[in-house]
Novice: 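Encoded as structure tokens, here's the structure I'll be asking about.
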Amino acid sequence: MSRISRLPSSVLRAAACTGIAALTLTACGSGSESGTASTGSGSVKVGLITKTDTNPFFVKMKEGAEKAAEENGVELSTAAGKFDGDNAGQVTAIENMVAAGVKGILITPSDSKAIVPAIEKARAKGVLVIALDTPTDPESAVDALFATDNLKAGELIGEYAKAAMKGKEAKIATLDLAPGVSVGVQRHDGFLKGFGATDKDVVCAQDTGGDQAKGQTAMENCLQKAPDINVVYTINEPAALGAYTALKAKGREKDVLIVSVDGGCTGTQAVKDGKIAATSQQYPLKMAAEGVKAVATYAKDGKKASGYTDTGVTLITDKAQDGVTSKDTAYGLENCWG
């Protein structure tokens, strides 16, 4: 979600390209391809397509896939959209991977609906398709889904925020993802459910694309609209840090509760530093590793993965609230990504 300290994209691309030119679907750094890595000497090919190749969440997902590919003796090719929302780039990546003879494709859909026709064509040719992190719409468009329960992730921070307010009237702002993206909808709805609120209780709602700068702008806009905001839900931690920057500029950073989702290392550190009150941590490395294993199994014995596999979520905070299960930032930093 894209989701912040990270290596420059040029460094990541260089690392992806080094020593692997013979297997590259298209030139590294061009089009929607982020490069192809060979891990293992087997002939079974697995494709991984992420929303971007710069977001730490997807960098960690790629690391998990590479390690699992090596362990399972399969070849891994990778691609990504040019930006979060680049459906056309992901469609091209699917077509290229099918042409290259992959046995299975793992994908984090940028557009849950628009990607479906391309997925259907791949499955019709016998390719196992597994969604990671983000479900397709409908979810049945893929063979299986390995992901965080994003509704639960939202519920956890909603329950936490409700408990932390201790009966004080809430003036809620939601800094969301973008219209129609299932992950954003589920987290938003989960937060409201956990808090015991509805969209009618939200005094300001803005889309951020999960971007820190856009999160700051969104928070600035919300403060102009409703200066008495005291609870801020954010789609991810970059948006949360953007909100914190805007609040700090107004001297409001200590009296507004910010909650978020992701559990990246930068975001978890922000919880430890008191910038974010709590976050729901998810585990991208596990999603990718389980996906690669599923394709390897399919190639070996024809057994297809199916249905939904919950890869886990944990509420991280150093200010635990009664009745809300959580772990502290020491645990969060041991298990973070990015």
Side-chain angles (χ1 to χ4, degrees), residues 1-7 9 11-25 28 33-80 93 97 100-108 127-134 143-148 262-266 268 281-301 303 305 309-314 331-338:
M1 270 319 74
S2 299
R3 273 132 184 353
I4 43 196
S5 83
R6 60 173 180 253
L7 292 173
S9 59
V11 175
L12 293 171
R13 285 195 297 270
C17 291
T18 302
I20 57 176
L23 290 167
T24 303
L25 297 175
C28 285
E33 307 300 335
S34 62
T36 303
S38 173
T39 48
S41 57
S43 60
V44 175
K45 298 179 181 180
V46 182
L48 172 67
I49 304 171
T50 53
K51 295 179 183 180
T52 71
D53 60 2
T54 55
N55 187 305
F57 184 88
F58 299 123
V59 172
K60 181 58 67 175
M61 185 176 281
K62 182 177 176 181
E63 289 176 8
E66 288 172 340
K67 183 178 180 181
E70 184 175 359
E71 292 172 348
N72 287 273
V74 299
E75 296 178 6
L76 178 71
S77 59
T78 65
M97 288 180 176
V102 297
K103 191 68 174 179
I105 292 174
L106 315 175
I107 184 168
T108 60
V127 177
L128 179 72
V129 182
I130 298 174
L132 305 181
D133 179 54
T134 305
D143 291 286
L145 168 66
F146 295 162
T148 305
D262 261 357
C265 294
T266 299
T268 304
Q281 186 171 70
Q282 52 182 343
Y283 305 102
L285 189 150
K286 183 177 180 181
M287 295 177 197
E290 292 299 316
V292 170
K293 291 176 186 177
V295 177
T297 297
Y298 173 55
K300 181 179 180 181
D301 59 22
K303 182 180 179 181
T309 298
D310 184 355
T311 52
V313 62
T314 306
Y331 175 91
L333 289 169
E334 287 176 1
N335 293 277
C336 65
W337 44 266

Novice: At their closest point, which heavy atom of L333 faces which heavy atom of C265, and how far apart are they?
Specialist: CD2-O, 4.0 Å

Novice: Are M61 and T50 close enough, and set up right, to give a side-chain contact (heavy atoms from CB on, under 4.5 Å), and what steps lead you there?
Specialist: CA-CA 8 Å; M61 185 176 281; T50 53; 4.0 Å; yes

Novice: With a 4.0 Å cut-off on N to O distance, would you call E290 and K293 a salt bridge?
Specialist: yes

Novice: Within a strict 4.5 Å, meaning less than it, do heavy atoms of the D262 and W337 side chains meet?
Specialist: yes

Novice: With rounding to the nearest 0.5 Å, note down the distance linking CG in L48 to CD in E66.
Specialist: 8.5 Å

Novice: Working to the nearest 0.5 angstrom, can you tell me the gap between D310 CG and T148 OG1?
Specialist: 7.5 Å

Novice: Do you know which two heavy atoms are closest between C336 and T268, and how far apart they sit?
Specialist: CB-OG1, 4.1 Å

Novice: List in chain and number order the residues that pass side-chain contact (heavy atoms from CB on, under 4.5 Å) with Y283, two or more places apart in sequence or in another chain; answer none if no residue qualifies.
Specialist: Q281, K286, T314, Y331, N335

Novice: Hey, does the side chain of K45 reach the backbone of A100 with a donor-acceptor pair shorter than 3.5 angstrom?
Specialist: yes

Novice: For the residue pair I130 and G291, what are the closest heavy atoms and their distance?
Specialist: CD1-O, 4.0 Å

Novice: Which heavy atom in S77 sits nearest to a heavy atom in M97, and how many Å separate them?
Specialist: O-CE, 3.6 Å

Novice: Nearest heavy-atom pair of G104 and V127: which atoms, and what distance?
Specialist: CA-CG1, 3.8 Å

Novice: Does F57 reach the side chain of Q282, with side-chain heavy atoms less than 4.5 Å apart?
Specialist: yes

Novice: Measure from the side-chain N and O atoms of D143 to the backbone N and O of V129, and report whether any donor-acceptor pair falls under 3.5 Å.
Specialist: yes

Novice: Which pair of heavy atoms, one from V102 and one from G47, lies closest together, and at what distance?
Specialist: CG1-N, 4.1 Å

Novice: Rounded to the nearest 0.5 Å, what separation is found between the CG atom of L128 and the CG atom of L106?
Specialist: 8.0 Å

Novice: Roughly how far, to the nearest 0.5 Å, is the CE atom of M287 from the CG atom of L145?
Specialist: 9.0 Å

Novice: Measuring from T78:OG1 to K62:NZ, what's the distance to the nearest 0.5 Å?
Specialist: 3.5 Å

Novice: For the atom pair CG (D133) and OG1 (T311), what is the distance rounded to the nearest 0.5 Å?
Specialist: 8.0 Å

Novice: Taking the six-membered ring of F58 (Phe, Tyr or Trp), confirm whether the NZ or CZ of K51 is under 6.0 Å from its centre and within 45° of its axis.
Specialist: no

